[in-house]
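Shown next, in structure tokens, is the structure this report addresses.
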Amino acid sequence: MEPFSCDTFVALPPATVDNRIIFGKNSDRLCDEVQEVVYFPAAVHDNLGEHLKCTYIEIDQVPETYTVVLSRPAWLWGAEMGANEHGVCIGNEAVWGREEVCDEEALLGMDLVRLGLERADTAEKALNVIVDLLEKYGQGGNCTEGRMLFSYHNSFLIADRNEAWILETAGKYWAAEKVQEGVRNISNQLSITTKIDREHPDMRNYAKRKGWWDGKKEFDFAAAYSYLDTAKMMTSSGRYCEGYKLLKKHKGNITFETMMEILRDKPSGINMEGEFLTTASMVSILPQDSSLPCIHFFTGTPDPERSVFKPFIFVPHISQLLDTSSPTFELEDLVKKKSHFKPDRRHPLYQKHQQALEVVHNNEEKAKIMLDNMRKLEKELFREMESILQNKHLDVEKIVNLFPQCAKDEIQIYQSNVSS
């Protein structure tokens with residue numbers, strides 16, 4: 001299994017039902033890394049002389065940023081995946097290739113995920129934000145907290161109510177593919193081949209100068225910028241191919257529950273176990289009917305098979321997501337300067353989730369009862385969300401507390417199993 005081997009998926013009509021775009025991602029990272037689900041309201045930034053501090057570097061601020069909900073490793077500024085108030089969703093992947101990875105601190109791919117969400121109200125605008133920032137500031141820096149050094153290039157899957165974009169990078173060079181129907185996924189490899197809808201202006205010339213492309217045969221981005229045999233890409237046993245097979249298997253009938261089943265699939269390696277595991281998951285419903293709300297489900301805990309997908313809907317005056325927010329530390333700067341000190345970042349939901357798993361680990365009966373109660377809670381939430389989409393009715397007062405209340409209900413399930 002590859003380290004940091006995330007998988008991101010999108011399904012669009014006619015592969016889905018009810019004219020919805022379905023987005024999903026598993027974030028696979030070090031097994032002891034805590035991922036939090038956090039909310040940041042829209043903001044107006046009057047003093048543009050002030051810089052924005054990302055994980056490692058400062059960049060220029062913009063006049064306005066949008067409301068976002070993020071699933072992120074609790075130690076950094078950016079995000080593994082998330083959504084904004086305009087129905088834009090982004091997930092990133094670690095990728096490697098012929099172009100050398102930069103260890104110097106710049107923007108992390110996870111910073112670019114958050115910046116795309118905060119600054120763009122469509123998928124293509126988010127792509128523009130990311131490639132402009134890539135050109136100006138570059139990508140690089142350690143992607144883990146603590147002593148392990150790990151850097152990579154990034155690919156992104158960006159979706160909105162109308163379309164999706166695949167953006168794959170190698171240093172500052174990039175290619176993008178527009179997806180308007182069917183299914184598409186990305187994993188830890190370049191996957192854009194000859195269908196290139198947008199690109200860095202010097203991307204082909206650079207590949208030619210490096211001897212990766214002869215300038216004569218049809219340009220293949222993945223073949224030029226990585227070591228892949230793209231002719232065999234869809235027949236290998238890797239997770240990219242396995243993920244595509246799972247999407248294709250359900251093509252025409254894909255729902256948000258189908259996407260969750262795919263993220264929970266262990267035989268394919270999509271739901272990862274071991275030193276690197278699925279630390280958090282996300283699924284979003286993006287209805288093409290703009291009168292309907294987008295609904296975003298997050299786990300905020302490891303292993304989607306043993307987690308609850310909890311819904312979040314953007315409405316004004318959202319209650320803060322306290323049970324999925326990690327504690328902050330005054331020693332933050334010390335930590336980022338590669339101190340060996342690693343603070344306890346477990347949020348309340350994560351703590352109860354881990355405690356409950358320890359209790360039921362050697363007790364099959366308790367494990368079954370707990371999992372049954374988790375699925376019962378989840379199914380009830382799914383019915384409520386489906387009702388909102390079918391009846392076009394949103395109880396805003398209830399939705400304000402939707403995600404926080406779901407987290408509390410999940411914690412209650414864990415507490416009852418720990419104490420019984």
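Scored by the side-chain hydrogen bond (donor to acceptor under 3.5 Å, both in side chains) test, R204 finds E199 as partners (sequence neighbours excluded). Residues passing the side-chain contact (heavy atoms from CB on, under 4.5 Å) test with V38, sequence neighbours excluded: E36, F40, L70, R72, S325. For D265, there are no salt bridge (Lys or Arg N to Asp or Glu O under 4.0 Å) partners two or more places apart in sequence or in a different chain. Qualifying ring pair (Phe, Tyr, Trp, His ring centres under 6.0 Å) partners for F156, counting only residues two or more places apart in sequence or in other chains: none. Residues satisfying the salt bridge (Lys or Arg N to Asp or Glu O under 4.0 Å) criterion with D395, sequence neighbours excluded, are absent altogether. Residues satisfying the side-chain contact (heavy atoms from CB on, under 4.5 Å) test with V95, not counting sequence neighbours, are H153, S155, L190. With sequence neighbours left out, the salt bridge (Lys or Arg N to Asp or Glu O under 4.0 Å) criterion links R264 to E378. For the side-chain contact (heavy atoms from CB on, under 4.5 Å) test, residues two or more places apart in sequence or in another chain that qualify with D121 are Y66, H86, K125. By the side-chain contact (heavy atoms from CB on, under 4.5 Å) test, V129 pairs with R119, A120, L133, sequence neighbours left out. Legend: residues meeting salt bridge (Lys or Arg N to Asp or Glu O under 4.0 Å) with E257, ordered by chain and number and at least two apart, are K379.
No side-chain heavy atom of L377 sits less than 4.5 Å from a side-chain heavy atom of E380. Proximity of N128 to R198: side-chain heavy atoms (C-beta onward) are separated by under 4.5 Å at one or more points.
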For the pair I166 and L157, evaluate side-chain contact (heavy atoms from CB on, under 4.5 Å) and give the outcome as yes or no after the intermediate values. CA-CA 5 Å; I166 309 299; L157 199 161; 3.6 Å; yes
Go through it in stages, so that I can follow the logic: the residues are E261 and K249, the test is salt bridge (charged side-chain N to carboxylate O under 4.0 Å, His left out), and I'd like the CA-CA distance, side-chain angles, deciding distance and then a yes or no. CA-CA 12 Å; E261 287 172 24; K249 176 182 172 185; over 6 Å; no
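The salt bridge (charged side-chain N to carboxylate O under 4.0 Å, His left out) contacts involving residues 304-320 comprise K310-E410, where partners must be two or more places apart or lie in separate chains.
Atom CD of E58 has more than 12 neighbouring heavy atoms from other residues, nucleotides or ligands inside a 6.0 Å radius. More than 12 heavy-atom neighbours from other residues, nucleotides or ligands sit within 6.0 angstrom of CD on Q390.
Put simply, the residue from F382, F403, F309, F23 that forms a ring-ring contact (aromatic ring centres under 6.0 Å, His included) with F297 is F382.
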In a table with atom names and distances, give each donor-acceptor pair under 3.5 Å that connects a side chain of residues 282-291 to protein atoms at least two apart or in another chain.
unit_1: S284; atom_1: OG; unit_2: H296; atom_2: ND1; d: 2.7
unit_1: D289; atom_1: OD1; unit_2: S291; atom_2: N; d: 2.9
unit_1: D289; atom_1: OD1; unit_2: S291; atom_2: OG; d: 2.7
unit_1: D289; atom_1: OD2; unit_2: S291; atom_2: OG; d: 3.2
unit_1: D289; atom_1: OD2; unit_2: K392; atom_2: NZ; d: 3.3

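Checked against a 6.0 Å centroid threshold, the rings of Y227 and W96 do not count as neighbours.
With hydrogens and angles ignored, the 3.5 Å screen pairs a side-chain donor or acceptor of D214 with a backbone N or O of K216.
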